[in-house]
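Worksheet for the structure shown next.
In what follows, chains carry the letters A, B, and so on, assigned in the order in which the sequence lines appear, proteins first and then strands, with residues in each chain numbered from 1. It should be emphasised that the depicted structure is a prediction, and the values quoted were computed from it without experimental measurement.
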There are 2 protein chains.
Amino acid sequence: MANIKDIAKMAGVSVTTVSRVINNHPYVSAEKQEAVRRAMELCNYQRNINAVHLSKGKTFLVGVVVPFSNHPYFGLLIEGMANEALQHNYKLVLIQTNYEENKEIEALAMLKDKQIDALIICSRICEWSVIGDFTQYGPIVLCEDARGNNVSSTFVDHYKSFTAALEYLYQKGHKKIGYTIGRKSGTNSAQRSKAYKDFLEKHGIPFNPHFIFPWCFNFEDGELVVERLVQLNDRPTALLVTSDQVAAGILTCCKDRNIFIPKDLAIMGFDNQPISKVMRITTLEIPLVEVGRKLFFQAMDGENVTHEEIPVRLIERDTV
Amino acid sequence: MANIKDIAKMAGVSVTTVSRVINNHPYVSAEKQEAVRRAMELCNYQRNINAVHLSKGKTFLVGVVVPFSNHPYFGLLIEGMANEALQHNYKLVLIQTNYEENKEIEALAMLKDKQIDALIICSRICEWSVIGDFTQYGPIVLCEDARGNNVSSTFVDHYKSFTAALEYLYQKGHKKIGYTIGRKSGTNSAQRSKAYKDFLEKHGIPFNPHFIFPWCFNFEDGELVVERLVQLNDRPTALLVTSDQVAAGILTCCKDRNIFIPKDLAIMGFDNQPISKVMRITTLEIPLVEVGRKLFFQAMDGENVTHEEIPVRLIERDTV
DNA sequence: ATATTGTATGAAACGCGTTTCAGAGCAAGA
DNA sequence: TCTTGCTCTGAAACGCGTTTCATACAATAT
């Protein structure tokens, strides 16, 4: 395969001139321009992008860390990023961690060795201190409240939104409210847990550990929730479900067991995924595509560390 | 940031020796090895991966073309690839096309300019001739029957499986069978269409264009199907749905409209996604994670063009 | 007529790790 | 003693495009 030198020779010009033609720099005479183009066409020339990357010290690649790629939550986030990436002529490198710390560190290493220009972490596992060690190598953007850490972030205030959701349920008459979360640890889960405890305290409601259902990510996880639910003597009357997928799963399984929604159990989802619209699930909308877009934007704007809070919106439908 | 030259100078050796240490080549004395390691640690040295890529002519990156990334079908496919990629120390570059041809061509160009070592196309838009122009630049792997084209493929024989599904429904007493597909064009859709027509002909059943529902991808698309269904005077008694997600959506909407499954309408899904298990949807299992794994494997084995047919398995549940 | 400014072009340095090749030193086998 | 074969090391070439700097000439301004 021909390289830039071959083209230069063939067109009777210097490599500089070829480079100028390739990159549309001014100051190349029409004749030479033509000669170079002809030579490139003749050889079916393609510049070696890795040489460009080395030379420029950039790859136009942005890493995206997700625990799993087959969840609509991350799907929408990625969609937003991909759209924005397209605009900026960037590509996304997907790094699936399955919530294993070493994979996240691998992603950070990619930033260090310049394989990617920036890194977006959609769901963090590493300690902040670990992340901090890598900020010197390029922009790192988080999808959680990262204020106070030297990285940009676009996030939902889960304390606030969880509190709002709880108060909404309370005001609808619910005193016994349970909730589901994904991971037990993590900033978001911690915020929710705190919101929950503060809510209980405020209203003088006793804490019931059986009302909390961790490890709920997908539609099918709803099945287990319902199974555990029916075995409870003292059941919650409402469930705050941190994913519409899980909410849909719970709703479906409840129907099968003749648990009527919302009469027997109120359900409130999160995200406002399309499935919640079809199933008429009351939910808190998070504009995930927009969040993805903003995350990418922050990754591009590596100079400045910024934090953007995304407001959520309550969407009342038929499950509360 | 220090480069290999700096390290060499600092350790009092040549760059060759440093390179040897980095890559664990034999024939480096213990002392020099130690000296190099110390220097690297001192400088917090990180080799520039782009220089490696340029030098080696490889990037350890594999491109993955998908129309959308937020669909569980592609999610599982990617999951399989990601697992295998990890094993081989490769990373995946996600290229989302939204079914736009130019984006797919962009992906092919990435192969040409050596930004990726191989390309996996999960859902093709380009003509075969276009793909053919790029096979010289690296392995291209398809997730559809690509026999006869100079690319590897792992695929389901959709003619065969569709026929099997139709016969299964027929044998259950269904004569009026409709089906949903995603895109109208595409190898898979063509195979299914042919299977459908052959099936009708074989059993002397007249063709009814209203029984075909295109553009069905997601859960929410099931809503439209049901809406159109109820407006039909002459309704199908069974529906072959080419995605469990859509099947789940249809099932949910039917329940809301008091259309009883399978009494009023039999539904058969595809993929055996977790959702189909929870909702007890009869489906044809496609081992997508396994398919993803194999696709990646073929991408690695660029020397040989191979084709692997994946058998599907009928999973009888409660919707037929 | 002279000083500026703009256009056009190429040599060479640069980014940086890998790999080939040549050579030196030393031990085991002939 | 001589050959063969390891072990160890480094200089230099290689992969390839970008960018800086110097230069040359034409055109406009003074």
Out of [options], whichever nucleotide has its closest atom nearest the side chain of [X]:
{"X": "B:Arg47", "options": "D:dT19, C:dG17, D:dG15", "value": "C:dG17"}
{"X": "B:Asn3", "options": "D:dT9, C:dG17, D:dT20", "value": "C:dG17"}
{"X": "A:Tyr27", "options": "C:dC21, C:dT7, C:dG15", "value": "C:dT7"}
{"X": "B:Ala51", "options": "D:dG10, C:dG17, D:dG17", "value": "C:dG17"}
{"X": "B:Ile22", "options": "C:dT18, D:dC16, D:dC8", "value": "C:dT18"}
{"X": "A:Val52", "options": "D:dG17, C:dC16, C:dT18", "value": "D:dG17"}

Open item on the list: Before we go on, tell me: are the rings of A:Tyr73 and A:Phe217 under 6.0 Å apart, centre to centre?
Closed with: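 No, the ring centres sit 6.0 Å or more apart.
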- [ ] Could you say whether A:Thr17 or B:Asn48 is positioned toward the 5' end of DNA chain C, judged by the nucleotide with the nearest heavy atom to each?
- [x]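 Nearer the 5' end of the strand: A:Thr17.
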Please state whether the phosphate of [N], meaning OP1 or OP2, lies under 4.0 angstrom from any side-chain nitrogen or oxygen of [X].
{"X": "A:Asn23", "N": "D:dT18", "result": "yes"}
{"X": "A:Ser14", "N": "C:dG10", "result": "yes"}
{"X": "A:Ser29", "N": "C:dT9", "result": "yes"}
{"X": "B:Lys32", "N": "D:dG10", "result": "yes"}

[X] [atom1] to [N] [atom2], straight-line distance once rounded to whole Å:
{"X": "A:Arg20", "N": "D:dT19", "atom1": "CZ", "atom2": "C1'", "result": "9 Å"}
{"X": "B:Asp6", "N": "C:dG15", "atom1": "CG", "atom2": "C1'", "result": "12 Å"}
{"X": "A:Lys5", "N": "C:dA11", "atom1": "NZ", "atom2": "P", "result": "12 Å"}
{"X": "B:Lys114", "N": "D:dG15", "atom1": "NZ", "atom2": "C1'", "result": "10 Å"}
{"X": "B:Asn50", "N": "D:dT18", "atom1": "CG", "atom2": "C1'", "result": "14 Å"}
{"X": "B:Asp113", "N": "D:dC16", "atom1": "CG", "atom2": "C1'", "result": "13 Å"}
{"X": "A:Glu34", "N": "C:dA8", "atom1": "CD", "atom2": "P", "result": "16 Å"}
{"X": "A:Ile7", "N": "D:dC16", "atom1": "CD1", "atom2": "P", "result": "12 Å"}

Task: Which atom of A:Gln96 lies closest to which atom of A:Pro67, heavy atoms considered - done: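 Heavy atoms only, the tightest pair is CG-O, 3.3 Å.
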Open item on the list: How close do B:Leu111 and B:Pro139 get, counting heavy atoms only, and between which atoms?
Closed with: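 In terms of heavy atoms, the two residues are closest at CD2-O, 4.1 Å.
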Open item on the list: At 4.0 Å (heavy atoms only), tell me whether A:Val13 reaches a base, stays on the sugar-phosphate, or touches nothing.
Closed with: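 Contact class for A:Val13: sugar-phosphate only.
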Open item on the list: Can you see whether A:Phe60 has A:Lys58 sitting over its ring - NZ or CZ less than 6.0 Å from the centre and within 45° of the normal?
Closed with: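 Because its charged atom sits under 6.0 Å from the ring centre and within 45° of the axis, A:Lys58 does stack over A:Phe60.
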Task: Over 12 foreign heavy atoms within 6.0 Å of NZ, B:Lys114 - done: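 No, because the 6.0 Å sphere around NZ of B:Lys114 holds 12 heavy atoms or fewer from other groups.
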Task: Pair A:Lys103-A:Glu100, salt bridge (Lys or Arg N to Asp or Glu O under 4.0 Å): steps then yes or no - done: CA-CA 6 Å; A:Lys103 302 234 181 89; A:Glu100 287 166 39; 3.0 Å; yes
TODO: For B:Thr16 and for B:Leu54, find the nucleotide of DNA chain D with the closest heavy atom, then tell me which residue's nucleotide is more 5'.
DONE: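 Residue closer to the 5' terminus by nearest nucleotide: B:Thr16.
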